[in-house]
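Chain naming here is simple, since letters A, B, ... match the order of the sequence lines and numbering starts at 1 in each.
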There are 2 protein chains.
Amino acid sequence: METIERKPRNREQIRSGILKTAKSIARQEGWQAVSIRKIADAIEYSAPVVYEYFDSKDVLLDEIRSEGFRYLYQEYDRIVNLYRDPEKRLYEISLVQWEFARQQPEIYQVMYNMSGALCTMPIYESESMQAVSRIVCKTIFSFIPKSEESIKRLYFQWWSISHGMIMLAMLLKDEQPLDHSEQIYRESMRRFVRDLR
Amino acid sequence: METIERKPRNREQIRSGILKTAKSIARQEGWQAVSIRKIADAIEYSAPVVYEYFDSKDVLLDEIRSEGFRYLYQEYDRIVNLYRDPEKRLYEISLVQWEFARQQPEIYQVMYNMSGALCTMPIYESESMQAVSRIVCKTIFSFIPKSEESIKRLYFQWWSISHGMIMLAMLLKDEQPLDHSEQIYRESMRRFVRDLR
DNA sequence: TAAACTTAGTTAACGGTGTTAAAGTGAGTG
DNA sequence: CACTCACTTTAACACCGTTAACTAAGTTTA
């Protein structure tokens, strides 16, 4: 009898293998092509094994979404520690957002239920998302010390412009080159930051 | 032998019944719950009948998307004929966009592949969408007569702000009431229009 | 009138999906 | 040897989009 082809892995390795595979399929074929069986095949297990790590496909997607927000938080935090000027901070945070959506579109899609991805877990209850909100709000506050209500308003506006442009840029990327969209994005975000003053 | 329970209907009635049913299911249970079989059940036919009217589910969704853009075009056209002032026109068009997304979210969702809806037909090749683009661009042009390139830029910005806010408002509607979001929307769109001058 | 053809609609199947209960496997232990 | 336990798979359920094959009725033609 032959030795087991499958390499021995611990729980952590298998778990991250599942996540990695899901993202990989999504990137290459779109989220509608991501299935539990396909993931299981790729990690050389049968489908039920996936359920030992994630209670459902929805929970799996929620984890990928959280990964995305955690990554964003990390990057925003890096920016805040890198620059002193609040204007510069917010502008650079905007650019990180664009870069993230460009380089890991499949994660960005699942974060906002775009392009057929559907995670039914409510986004606003996600701690990782709230952490991102807080760091941006804090940045805006250091900028314009107003009431919490006003800051939330400005954050909502910033988020809308940023996300709206990213989403439309992705949607129209075949008729309007991404580089061109990025130029408009930079200009718009710069203007938003400037007008805050 | 008993008479057929099912009422006699012509092709047009059946076709619009399919579209109506799809939207109805989407509204009540979300797009992920819309299936050909469920539609067929609702219109009291078997599943293959649906394929006599739409080549695929994708084509069905594309038709609903087009319906949405045609409706928007109609409304924008009405606004343009109602007001003389270009600023007023663009602002009112913005409000129509909000009202549409609020009253027929399921159509808005399929137009932009939100919330799990997925229509793979490229949106930019849709004539009905291009008609909408043209009427807004024309409105902006009557406002600021610049190069076609500049107008497209401004249109992209207008669209991003509008769509970004609508999308985030829908996403966060459980923690931020829609009326509050609408207030910010109105203010933002008004500001955008004013700053164009 | 009989045969041929058209139309409208159905059933049943194919290969796929998320999910879960049951069965199997093999190594270690009393 | 029998037994347990952890791990993994098989097989099933109810659904999905889609299509080939079929049926029954009505219409046209020879």
Protein-to-nucleotide contact annotation, 5' to 3' order, nucleotides 13-19 of chain D [B base; S sugar-phosphate only; - none; under 4.0 Å, heavy atom]: ---BBBB

No-hydrogen, no-angle side-chain donor-acceptor test under 3.5 Å, Y185(B) and S160(A): no

Identify whether the distance between the nearest side-chain nitrogen and carboxylate oxygen of E106(B) and R27(B) falls below 4.0 Å. yes

Can you tell me the distance, in whole Å, between the CZ atom of R11(B) and the P atom of dA8(C)? 8 Å

dT11(C) C1' sits how many Å from Y45(B) OH, rounded? 17 Å

Using the rule given for salt bridge (Lys or Arg N to Asp or Glu O under 4.0 Å), can you reason through E63(B) versus R70(B), listing the C-alpha separation, both sets of side-chain angles and the distance that settles it, and then say yes or no? CA-CA 10 Å; E63(B) 178 55 34; R70(B) 282 197 296 270; 2.9 Å; yes

Once you round it to whole Å, what is the distance between P of dT8(D) and CD of E44(A)? 12 Å

Compute the angle between the rotation axes at the two ends of the helix from dT1(C)-dA30(D) to dG30(C)-dC1(D), each taken over five pairs, rounded to 10 degrees. 50°

Closer than 4.0 angstrom, basic N to acidic O: yes or no for E92(A) and R78(A)? no

Test: R15(A) and E52(A) ion pair at under 4.0 Å: no

List the atom pairs, with distances to 0.1 Å, where a side-chain N or O of residues 189-197 of chain A and a protein N or O form a donor-acceptor pair under 3.5 Å, not counting sequence neighbours.
{"from": "R190(A)", "atom 1": "NH2", "to": "Y91(A)", "atom 2": "OH", "distance (Å)": "3.0"}
{"from": "R197(A)", "atom 1": "NH1", "to": "E87(A)", "atom 2": "OE2", "distance (Å)": "3.2"}

Using whole Å, report how far CZ of F54(A) lies from C1' of dG18(C). 16 Å

In terms of heavy-atom contacts, does NZ of K20(A) have more than 12 from other residues, nucleotides or ligands at under 6.0 Å? no

Whole-Å distance separating the CG atom of L61(A) from the C1' atom of dG18(C): 12 Å

Under 4.0 Å between any heavy atoms, over every strand shown, what does E52(B) touch: base, sugar-phosphate, or nothing? Just pick one. nothing

Show, in sequence, the C-alpha distance, side-chain angles and deciding distance for K152(A) and E148(A), and conclude whether the salt bridge (Lys or Arg N to Asp or Glu O under 4.0 Å) test is met. CA-CA 6 Å; K152(A) 274 192 138 183; E148(A) 195 186 341; 5.3 Å; no

